[in-house]
Asks: 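Sharing a structure here in structure tokens format.
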Amino acid sequence: MVFVRESCTPESDHEGAEIVFGELVANVVRHAPGAIRITVIADTLGAVTLEVYDTGRGFTPVASLPGEEYSDSGRGIYIVSQLCSTLLSALTKTGNKVSVGLPLVALRPALKLIN
């Protein structure tokens, strides 16, 4: 994440982006078998999108807290939804892709930060 931090404005929510990254990777480790691929791209306006690809079945993101107060799971996607401008999940030919708009602004728009 050091490269991403150096590629974005100081005003960006770097800590929030790291939490999102950690939650999404943890979800893949817990729920999806096989490989993971991560891409971070800045568009022409500097908006930064994180895409996490896995070989899982896919899911529909539910951006709410779990009904059970002391549940061991169910908070990660809620946290991601609160920190990101967008949260999408889509099936691919090989599994699932989760795409989020990170709370970052790139210093150089139209830049692929991680692939």
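Bear in mind that the values here come from a model prediction, so they are computed numbers and not experimental data. Residue numbers start at 1 and run along the sequence shown.
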Asks: For residues S12 and V105, report the shortest heavy-atom separation together with the two atoms involved.
Replies: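 S12 and V105 have their closest heavy atoms at OG-N, 2.8 Å.
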
Asks: Do you know the tightest heavy-atom contact between P103 and A17?
Replies: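 Between these two residues, the closest heavy atoms are CG-N, 4.0 Å.
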
Asks: Could you tell me the separation between the CD atom of E18 and the CG atom of L102, rounded to the nearest 0.5 Å?
Replies: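 Answer for the CD-CG pair, E18 versus L102, is 10.5 Å.
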
Asks: Taking L50 as the starting point, is it possible to reach Y53 by hopping between hydrophobic residues whose side chains are less than 4.5 Å apart?
Replies: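 They do not share one cluster, since no chain of ILVMFWY contacts under 4.5 Å joins Y53 to L50.
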
Asks: Report yes or no: do D43 and T49 form a side-chain donor-acceptor pair below 3.5 Å?
Replies: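 There is no such pair (donor and acceptor under 3.5 Å, judged by atom type) between the side chains of D43 and T49.
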
Asks: How far apart are the C-alpha atoms of L107 and S7, what are their side-chain angles, what is the distance that settles it, and do they pass the side chain to side chain contact (heavy atoms under 4.5 Å, CB included) test?
Replies: CA-CA 6 Å; L107 291 169; S7 299; 5.8 Å; no

Asks: Do you reckon I19 sits in the same ILVMFWY cluster as V4, going by side-chain contacts under 4.5 Å, direct or chained?
Replies: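 I19 clusters together with V4.
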
Asks: Report the distance from atom NZ of K97 to atom CZ of R37, rounding to the nearest 0.5 Å.
Replies: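 Interatomic distance, K97 NZ to R37 CZ, rounded to 0.5 Å: 9.0 Å.
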
Asks: Does atom CZ of R57 have more than 12 heavy-atom neighbours from other groups under 6.0 Å away?
Replies: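 No, because the 6.0 Å sphere around CZ of R57 holds 12 heavy atoms or fewer from other groups.
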
Asks: Run L24 and I77 through side chain to side chain contact (heavy atoms under 4.5 Å, CB included) and show every step you take.
Replies: CA-CA 8 Å; L24 293 179; I77 292 297; 4.2 Å; yes

Asks: Less than 4.5 Å apart, side chain to side chain, heavy atoms only: is that true for F21 and I38?
Replies: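 With C-beta onward as the side chain, the pair touches.
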
Asks: Mind listing the closest non-hydrogen atom pair of G76 and E23 along with its distance?
Replies: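 So the minimum-distance heavy-atom pair works out to CA-OE1, 3.2 Å.
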
Asks: Considering non-hydrogen atoms only, spot the tightest contact between G58 and L91 and give its length.
Replies: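 Nearest heavy atoms, G58 then L91: CA-CD2, 3.8 Å.
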
Asks: Once you round to the nearest 0.5 Å, how far does CG of D54 lie from OG1 of T94?
Replies: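 It is 8.5 Å, given to the nearest 0.5 Å.
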
Asks: Minimum heavy-atom separation for G56 and P33, please, with both atom names.
Replies: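 Of all heavy-atom pairs spanning G56 and P33, the closest is CA-CD, 4.2 Å.
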
Asks: Tell me the closest heavy-atom pair linking A106 and V48, and the distance in Å.
Replies: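 That would be N-CG2, 3.9 Å.
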
Asks: Is S89 reaching over with its side chain to a backbone N or O of P61, donor-acceptor style, under 3.5 angstrom?
Replies: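 Checking the backbone N and O of P61 against the side chain of S89, no donor-acceptor pair under 3.5 Å is found.
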
Asks: Under 4.5 Å between any side-chain heavy atoms of V100 and L88, yes or no?
Replies: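 No; the side chains remain at least 4.5 Å from each other.
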
